[in-house]
Amino acid sequence: MGSVDKTLFLLSRGGDTTIVRIYVDDIIFGGSSHALVSSFAKRMSGEFEMSFMGELQFFLGLQIKQGPEGTFVHQAKYTRDILKKFEMGDSKPMTTPMSTNTALDADEDGEAVDQKEFRGMIGSLLYLTATRPDIQFAFYLCARYQASPRISHRQAVKRIFRYLKFTPELGLWYSSGSSLFLRGFSDADHAGYRIDRKSTSGTCQLLGTSLVSWSSRKQASVSLSTTEAEYIAAASCCSQLLWMKATLSDFSLRFRKIPLLVDSTSAISVAKNPVLHSRTKHIVVRFHFLRDHYEKGDIDLVHVTGWRCVDNALIKGKIESQWIGLIALLV
């Protein structure tokens, strides 16, 4: 049983490893030996009443295409289904999920729209973010207005659907030749939310060239400076990296000084310099564990200019590889 994830089970035999992942009443078998996996699955089916579905192709709404070069995970069928459900199948495609100059607010003077329909659209998009980090920021921005949606909010949501019409088969590519090198990226805007002036943190974590985790969410408190906003975002990314480090230790993978790339030199200085650190008592204490783990050598804070991200983390079917997910998290 996994030390962190109690739904993860591993069996090692003769240099080969079998991995079993359980989600409620669905089970995935995987491993380094096809014969060992098949043998273990048959033993399980003999002990319990279960149906063996063969090679993994569809799981919890995710479509999975495996090949010698890697694995492609997408939700093309689900995307087309929700476009049809909300009568957006014949809409004009858009190349981006949100305009760069879009600034949504409560729009109290705007005309109200059907709350049930709006929440249905938001709920449908929520599940799609499991494989579509490119719509993450736009989705969560629109989701903040479910209590009292206006025409401007519905138009923003429809813009996301029109973007999905343009990119129905976009998904995540996991290369079989990728290295097992863990790293994280973090960024933040400052006072970007127009209603309460809270900042938005954007983080992502990669294992080699594979994007495995991402987040775009509003911070819990108002930041007094760009440095504070960036520092809180880096702390959030650090927390996720530590969880992944603990989880990967079950696979006998060990990491030290995991690179955490931040584009704010001042935020890095706050984490590294004890003098500057003493001047940040107004920042919630729980975020100061970033400095603690830096001193322990668990992470290494690295300054990055812009976003020198890897290609191939996101691909659109068989078309040219592109990186748009992280940018969408932080727009």
Side-chain angles (χ1 to χ4, degrees), residues 7 23-26 58-64 73-94 96-99 102-108 110-172 192-196 198 200-204 211-220 236 240 314 316 324-326 328-331:
T7 64
Y23 184 84
V24 191
D25 58 350
D26 294 305
F58 194 84
F59 186 72
L60 300 177
L62 306 181
Q63 292 173 255
I64 301 160
V73 183
H74 63 105
Q75 292 172 281
K77 181 182 182 300
Y78 179 77
T79 300
R80 294 189 178 94
D81 287 344
I82 63 174
L83 285 171
K84 182 180 179 180
K85 176 181 178 181
F86 295 104
E87 300 179 353
M88 298 292 292
D90 296 325
S91 60
K92 180 181 178 182
M94 298 296 292
T96 58
M98 178 174 283
S99 173
T102 297
L104 291 180
D105 55 25
D107 192 16
E108 295 179 354
E111 182 181 346
V113 298
D114 185 356
Q115 188 181 72
K116 183 178 180 180
E117 180 193 32
F118 186 83
R119 289 185 173 182
M121 297 173 81
I122 291 295
S124 296
L125 290 174
L126 173 62
Y127 186 63
L128 194 57
T129 59
T131 60
R132 296 296 297 264
D134 51 321
I135 67 170
Q136 186 99 356
F137 175 81
F139 162 74
Y140 276 111
L141 182 58
C142 295
R144 295 170 185 172
Y145 302 100
Q146 294 182 75
S148 183
R150 307 293 176 174
I151 287 181
S152 59
H153 306 143
R154 186 174 62 182
Q155 288 176 338
V157 173
K158 286 189 173 182
R159 169 71 179 255
I160 300 176
F161 276 88
R162 291 169 66 187
Y163 169 69
L164 295 176
K165 175 72 184 308
F166 180 70
T167 59
E169 297 186 3
L170 198 67
L172 296 168
Y193 188 40
R194 298 179 65 180
I195 295 179
D196 56 17
K198 291 181 180 178
T200 298
S201 296
T203 68
C204 76
L211 180 65
V212 293
S213 178
W214 57 89
S215 171
S216 177
R217 62 185 58 182
K218 187 172 66 170
Q219 295 179 0
S236 176
Q240 182 67 10
L314 275 164
K316 178 187 173 186
I324 57 177
L326 186 59
L329 296 178
L330 305 169
V331 169

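- Of all non-hydrogen atoms in Trp214 and Thr129, the two that sit nearest each other are CZ2-O, 3.3 Å.
- Considering every non-hydrogen atom in both Thr200 and Phe137, the closest pair reads CG2-CE1, 4.1 Å.
- Using a 4.5 Å heavy-atom threshold, the side chains of Arg162 and Pro93 count as separate.
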From CA spacing to verdict: side-chain contact (heavy atoms from CB on, under 4.5 Å), Gln240, Thr203: CA-CA 9 Å; Gln240 182 67 10; Thr203 68; 5.8 Å; no

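- Residues Arg159 and Thr96 form a side-chain contact, since some pair of their non-hydrogen atoms from C-beta on lies under 4.5 Å apart.
- Looking at Lys165 and Met94, their side chains never come closer than 4.5 Å, going by heavy atoms from C-beta outward.
- Residues forming a salt bridge (Lys or Arg N to Asp or Glu O under 4.0 Å) with Lys84 (at least two apart in sequence, or on another chain): none.
- In terms of heavy-atom proximity, Gln136 sits nearest to Ser216 at CG-CB, 3.7 Å.
- His153 and Tyr145 have parallel rings, their planes meeting at less than 30° on a 0 to 90° scale where 60° marks the start of perpendicular.
- Proximity of Leu83 to Thr79: side-chain heavy atoms (C-beta onward) are separated by under 4.5 Å at one or more points.
- The line from OG of Ser236 to CD of Gln219 is 8.5 Å long, rounded to the nearest 0.5 Å.
- Proximity of a side-chain donor or acceptor of Arg194 to a complementary backbone N or O of Ala103 within less than 3.5 Å is detected.
- Note that CZ of Phe58 and CD1 of Ile64 are 9.0 Å apart. Values are rounded to the nearest 0.5 Å.
- When all heavy atoms of Gln75 and Leu128 are compared, the pair lying nearest together is OE1-O, 3.2 Å.
- Using modelled atom types, no side-chain atom of His74 and backbone atom of Pro168 make a donor-acceptor pair closer than 3.5 Å.
- Using a 4.5 Å heavy-atom threshold, the side chains of Phe118 and Val157 count as touching.
- Counting heavy atoms from C-beta outward, Arg217 and Tyr140 have side chains that stay 4.5 Å or more apart.
- Salt bridge absent: Arg150 and Glu108 never bring a charged side-chain N and a carboxylate O closer than 4.0 Å.
- Between Asp81 and Lys77, the closest side-chain pair of non-hydrogen atoms falls below 4.5 Å.
- Summarising the geometry, atom NZ belonging to Lys158 is positioned 6.0 Å from atom CE belonging to Met88; distances are rounded to the nearest 0.5 Å.
- Salt-bridge annotation for Arg132 and Asp134: present, with a side-chain N of the basic residue lying under 4.0 Å from a carboxylate O of the acidic one.
- Salt-bridge formation is detected for the pair Asp196/Lys218: a Lys NZ or Arg NE/NH1/NH2 atom is positioned less than 4.0 Å from an Asp or Glu carboxylate oxygen.
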As a quick check of understanding, evaluate side-chain contact (heavy atoms from CB on, under 4.5 Å) for Ile82 and Leu164, giving each step before the final call. CA-CA 10 Å; Ile82 63 174; Leu164 295 176; 4.2 Å; yes

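- Looking at every heavy atom in both residues, Phe86 comes nearest to Glu117 through CE2-O, 4.2 Å.
- One distance of note links OG of Ser124 with CD1 of Ile160; it measures 12.0 Å at 0.5 Å rounding.
- A 6.0 Å sphere centred on CG of Asp90 holds no more than 12 heavy atoms belonging to other residues, nucleotides or ligands.
- Residues passing the side-chain hydrogen bond (donor to acceptor under 3.5 Å, both in side chains) test with Arg80 are Glu169, sequence neighbours excluded.
- Although no hydrogens or angles enter the test, the distance criterion places a donor-acceptor pair under 3.5 Å between the side chain of Lys198 and the main chain of Ala220.
- Taking both residues in full, the closest heavy atoms of Leu104 and Cys142 are given as CD1-SG, 4.1 Å, listed atom of the first, atom of the second, then distance.
- Atom OG1 of residue Thr131 and atom CG of residue Leu172 lie 6.0 Å apart, to the nearest 0.5 angstrom.
- Remark: Asp26 engages no residue in a side-chain hydrogen bond (donor to acceptor under 3.5 Å, both in side chains) (not counting sequence neighbours).
- No side-chain heavy atom of Val73 sits less than 4.5 Å from a side-chain heavy atom of Gln63.
- A distance of 11.0 Å separates CG in Leu62 from OH in Tyr78, rounded to the nearest 0.5 Å.
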